[in-house]
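The sequence lines fix the lettering, A, B, ..., with proteins before strands; numbering per chain opens at 1.
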Amino acid sequence: MASSYPPPFEGTGEVKEGFICPLCHKDLQSFYQLQDHYEEEHSGDDRHVRGQLKSLVQKAKKAKDKLLKRDGDDRADTGSYESFYYGGVDPYMWEPQELGATRNHQDYFKKHRAARIDHYVIEVNKLLIRLEKLTSFDRTNSDVAKIRAIEKSVVPWVSDSDVPFCPDCGNKFNIRNRRHHCRLCGSIMCRKCMDFVPLPLAYKLTSGTRESLCIPGSPGQSQAPPSGAGASGMGSRRGSLSSLSSVTSMLEEKDDEKIRCCHHCMDTLLKRQQKLEERDHMPDIVKLYERLRMCMDKVDEKAPEYIKVAESLNAGETTYNLDSAGGLRLEVQKYYELIDALSKRILTLGMKDDPAPTPKSLHLQKMIRYTATLFVQEKLLGLMSLPTKDKYEALKEKRKQEQEKKLQQERLAAQESMRKRQESEKNRSVATTNGEVPPAPKPPRMTKAGGWLPSADSKKTHSELKDPLLQQIDNIQSFLRQAREAQRTDEVAMLEENLRQLQDEYDQQQTSLAIALSQKLAQEENLQQGEIQRLEARERSEWEQRAPAADSRQPSSIWECSLDLGEPVAGYVEEDKIGEVTPKFERSPLSLRAFPALAGQEESPPRLRSLGGHVTPPSSEGPNSSSLNPFEEDSTPTEEDPSNPFFEDIQEEHKEVSNGKKEYNPFDDEEDNGGQEEPAATSLGNPFEEESSETSNPFTEASGDSPGVSTNPFEGDEDAGALADIDMIEEELLLQQIDNIRAYIFDAKINGRLDEVELLSANLRELQHTLQEQKKTH
Amino acid sequence: MNVTLAVKQYVTRMIEDSGPGMKVLLMDKDTTSIVSMVYTQSEILQKEVYLLERIDSQNRDNMKHLKAICYLRPTKENVESLIQELRRPKYSVYFIYFSNVISKSEIKALAEADEQEVVAEIQEFYGDFIAVNPHLFSLNLQGVARGRSWDPTMLARSTQGLTSVLLALKKCPVIRYQLSSDMAKRLAESVKLIITKEYELFDFRKTEVPPLLLILDRSDDAITPLLNQWTYQAMVHELLGLNNNRIDLSRVPGISKDLREVVLSADNDDFYANNLYLNFGEIGTNIKNLMEDFQKKKPKGQQRLESISDMKAFVDSYPQFKKMSGAVSKHVTVVGELSRLVAERQLMEVSEVEQELACQNDHSSAQQKVRRLLRLPGVCELDAVRLVMLYALRYERHSNSALPAMMEELAKRGVSEKYRKMVHSVVEYGGKRVRGSDLVTATDAVAITKQFLKGLKGVENVYTQHQPLLQDTLDQLVKGKLRDAQFPYLGASSLRDRPQDVLVFVVGGATYEEALCVYNLNRSVPGVRIVLGGTTHQEVLVLPTVLTTVLTTVHTTVHTTVHTTVHSTKRY
């Protein structure tokens, strides 16, 4: 990863090396010359110094932010990397295209439609009102003349003499081709162009309006007509034409069961009827489809959750319960089954109906089924299986070992860096004791980074051990010393503040370095063991961790300050203890070394060192994911990065900070209590006293009696529950594999890959066999 | 500036606007290909679009439970079909999107047809072009010219297409055109007119350096489309025919059923995306690696599943394996077929001579080689004609021209008269008389030195010596050195700085070789983004259509009229 991002400030100006005055950028030959120069030239303008230092700190911060945010805008980074590499940008890498120009005609359209619709609605309503009038009296018992009179009263009839030809077909009216009036609009047409509204249809249409006006869904009228509205209505018309009306209508044109009307009115009414029907009608496919989508949404929601859990479990973590994960898995699987079943039903929908579905709807059904299959295939594959109980235990064990190994590596890396720091420190301290004596030649590493120039220090915030930040710290320390000598208290305070911030930065750098190193080693190992999957899980949790770590920085530092008073020495205690456990005694002087200028001062700087460090536990632990996996923490406390001597302290702090995560971990409280008691006890004594480490330390205790077994209720639960369930899970797993393979066979068959089908069916047989054996054993 | 994404964004927006539920996408002939270039079937299925229908198809059923998304070009026929559709709606609700500017009167007509109030949305989404690659688009028009001037309908269509690209990319450009081409000028003016008329639409955020639209004419460089290409995309296109990202492999001997038609899309095929612009040799190596990779992962035939973990591993890896096997068999088939065709048509030899014709200046050797190839039986008819065309273009005015002799050879080979006449048509289309730039011989001192140096250095790859003229033009353009006398600005505005966003449009079609050259320019020149477009990108490379394109532009032969009529019936 580290190699893939671009050098942050590549080409932003020349980089000066050597002893360069941070204010005037003048190159002095040695450190003390610089110091002299500084005192002579710039001692007056301390405001300037402050600004300078501030900008320095800000730059360091910026560089850090850049590193932390990096995963967020990875894409942009690679893009700029590309562009850096080629000069131009690959068209495939061009920045995302925004939506192009659009223009909306909605308003104009609606304006014109509204005018039209008004007209249309009036027409329809007029027809419906007339229809209602025409159907409201008892047709069968009234005589022809009376009906005619009523009909004529509804709408004035066009007089016969005005219309010599049928307006629709143009035929001339005569004795044989008689005129007919539309009862709905009064117009005239010939027999051929005539239409009839069957009474049931008329009732239905008018009832629709009536109902919508009064009680919605009153069953009385609405039930009868819909039963045969469309089809039977048409049928009745046809029937009456052939038998009854052919005779009667010839004689007296009495329309018992239908209302004579023209094509146009009929057309309008039919449209209206269709609309009415569609309003209430919901085809089966829609109902099924809605359920299908619901299941898919559920899967989209649950599957990631499950995957997270399963990954964690497969990595041997103890954050989640194996049983509940199994339950989740079952749930998700149930949804898959449901999706499968539903889409199958959609596929076969209407197959057996008499009028077979149209080819288009069949196609639609097929496509829905296809989509569902794709969905299941795609998502189901992501569903990794859970480890069995035994395996899970093995995984946990393995993970623990790995963490220990990693810890060792981290320790090594840290020691390395410590040693280097110490070396430089030795040189330094010689210089300090000698006061103004020109210093012995510095180790080349020291000068190489050219850290005096403020802009240069942010350039290599990572990767370099003797990085500019460290130099800057030294630098400020020397300023501080001078300031103190000069009795400038305000400046001292300011410088201390700056120093603190810089040390923060430095600590973080160190730990991230150690992480990088250990990660690399751990990765190699993992590769060898073929544990790629686990690695992924770990990396993910780590990244998840990093983001909150960055966020929590601000609030925690506030908290830190308040805590300072209560337990200022805890850090020292723990540090010394570690020194015993891992016999690296040079670390003890080291902590002194880190603040030589402040040795006699109050505790605040070391505390602040730990403040800087306290952000690191999540990252230094890296994949251990302390918050996700609280049990791990107490079982292996030594996994903490020893480069940070205050790690215990930090750990506590971190827990305090991550209060929100407590629900996962009932032990947090316990530990916190322990942690608070302990420093209280020790704070009385000399902070540097080694014996204080013998006080009860919950962390060491926990590590001592291999935790989780006795103290972890979850673990216990799991033991009991999982033992009972283990076979079930096994079977479940088998069944699922069988299902999967069946799906593949189906797929392969469709694609005509016979060799694959063979292979798959062989596997299927194997699986089934195993399943049976399993069953037999119980 | 990414044209593929620009269209995809439009389509995605349309689908999302319509909300959840089953959907049908109603399109016309053109929008079908526009959409199919940016969306695959499975992608669009995931967005609940289950049916794709043509607005003019008669056998659509009533399906009131579907929502209809209409994506149509604003043609008269489409509006008429839509009016009919709205009168008797087959779907519950309509979301209407036109791919270009539509007139108010047509909207009114639609509004009046919508008595059932089924229209929920009516908008203009300017995806009126075919996006081939992020930097390459085409309008898919053939036979745009009549003689040396525009076919009026084609001019209108090209203007629409070009303005829609501008709108989709949100660019309001300064326009330059090739002075020697009347067609380029006409198109430039026509585009300018639209920009002025629809000034509200073109009101985009001003950039420091305004974007540039450069309009060129194919006739200035008639040589490039006549050369055989060796990059994957271009070869697939030229030898197998790449149509809307699909290749038809049904002619391949012994092809299996599911490989009859394969889709090659850089969007979801990594191998293709990575090898698009690599040459044939490199692809050979890469495909070998792909195979080896695959062999490693392939489950063994006798693989026993001893334990549950074995099975789990198998089940987990199976889909990946299957996907990979699909990709492998596809590319192996395609590359296999390509190399078969290369061998069959002796393309290596042909290409070598082509490149020599295009890039070197040795008349006697060139004509000897051409004539030797003409006598080879393996060289196919089209390649033979192509060679003679190249020769005719290259040594048009050579005192010692062997063209008559070559024409005889062609006749002897039994090349049909139709093809033989095209040689003259090509010269008329892209000969010296027509060209504005110097395609073959360098005149100024710089160019001559350049050529000389190139000769000294020797040739890296004989098959890819040729650099299209466009390369030079664009080189000068991005350096701010393109001569105003040759490529004047339209109107008063001109660009003082170097251009940043450049749109190049080639009347008469762009080629894949030019697309490659633009791709490389984009990658090598910082701060410049170039998009290439043409009236066509596809058929111009397939020889028969090159020739018909050429034919339709030159009114000399009997066939011209035949082809013109063919094309005019195809017009929309």
Which bit of B/K64 comes within less than 4.5 Å of chain A, counting heavy atoms only: side chain, backbone, both or neither? side chain
When rounded to the nearest 0.5 Å, the distance separating CZ of A/R116 from CD of B/E117 is 12.5 Å
Option in B/A111, B/A168, B/G21 with maximal non-hydrogen atom pairs under 4.5 Å from chain A: B/A111
Contact listing (chain B partner; residues 103-112 of chain A; heavy atom under 4.5 Å): A/R103, A/N104, A/H105, A/Q106, A/Y108, A/F109, A/H112
Do you know which of B/L5, B/L51, B/V3 has the most heavy-atom pairs with chain A at a distance under 4.5 angstrom? B/L51
Take B/Q116 and A/Y120, measure what side chain to side chain contact (heavy atoms under 4.5 Å, CB included) needs, and give me the verdict at the end. CA-CA 9 Å; B/Q116 316 251 339; A/Y120 174 76; 4.2 Å; yes
From A/M367 CE over to B/Q41 CD, what is the distance, rounded to the nearest 0.5 angstrom? 4.0 Å
Taken to the nearest 0.5 Å, the spacing of B/I44 CD1 from A/T371 OG1 works out to 11.5 Å
Would you indicate whether A/K287, at its atom NZ, is surrounded by more than 12 heavy atoms from other residues, nucleotides or ligands within a distance under 6.0 Å? yes
More than 12 foreign heavy atoms under 6.0 Å from CZ of B/R54: is that the case here? yes
Tell me which of these, B/E121, B/E200, B/Q46, has more heavy-atom pairs under 4.5 Å with chain A than the rest. B/E121
Can you tell which of B/A273, B/G127, B/A120, B/S164 has the highest number of heavy-atom pairs within less than 4.5 Å of chain A? B/A120
Could you have a look at B/H65, B/M22, B/Q9 and say which one has the most heavy-atom pairs with chain A under 4.5 angstrom? B/M22
Gap between atom OG1 of A/T358 and atom CZ of B/R60 - 0.5 Å precision: 12.5 Å
Do you know which two heavy atoms are closest between A/W94 and B/H135, and how far apart they sit? CH2-CB, 4.0 Å
For A/H119 and B/E115: C-alpha separation, side-chain torsions, deciding distance, then whether side chain to side chain contact (heavy atoms under 4.5 Å, CB included) applies. CA-CA 9 Å; A/H119 176 73; B/E115 284 172 346; over 6 Å; no
Under 4.0 Å between a Lys/Arg side-chain N and an Asp/Glu carboxylate O for A/R113 and B/D114? yes
Where does B/F204 contact chain A at under 4.5 Å (heavy atoms): side chain, backbone, both or neither? side chain
Please round to the nearest 0.5 Å and tell me the distance separating atom CE of B/M14 and atom OG1 of A/T102. 10.5 Å
In Å and rounded to the nearest 0.5 Å, what is the CG to CZ distance from A/L99 to B/R13? 5.0 Å
Okay, B/V118 and chain A: the region with an atom under 4.5 Å from a heavy atom over there is backbone
Just checking, is any N or O donor in the side chain of B/E48 or A/Y289 under 3.5 Å from an acceptor N or O on the other one? yes
Can you tell me which portion of A/D118 sits under 4.5 Å from chain B's heavy atoms? Options are side chain, backbone, both or neither. neither
Please classify the contact of A/L374 with chain B as side chain, backbone, both or neither, using a heavy-atom distance under 4.5 Å. side chain
For A/I117, is it the side chain, the backbone, both or neither that has a heavy atom under 4.5 Å from a heavy atom of chain B? side chain
Tell me which of these, B/L521, B/I122, B/N520, B/L201, has more heavy-atom pairs under 4.5 Å with chain A than the rest. B/I122
Counting heavy-atom pairs under 4.5 Å to chain B, which of A/A114, A/A115, A/A101 comes out on top? A/A101
Check: A/R293 and B/P20 side chains under 4.5 Å, non-hydrogen atoms: no
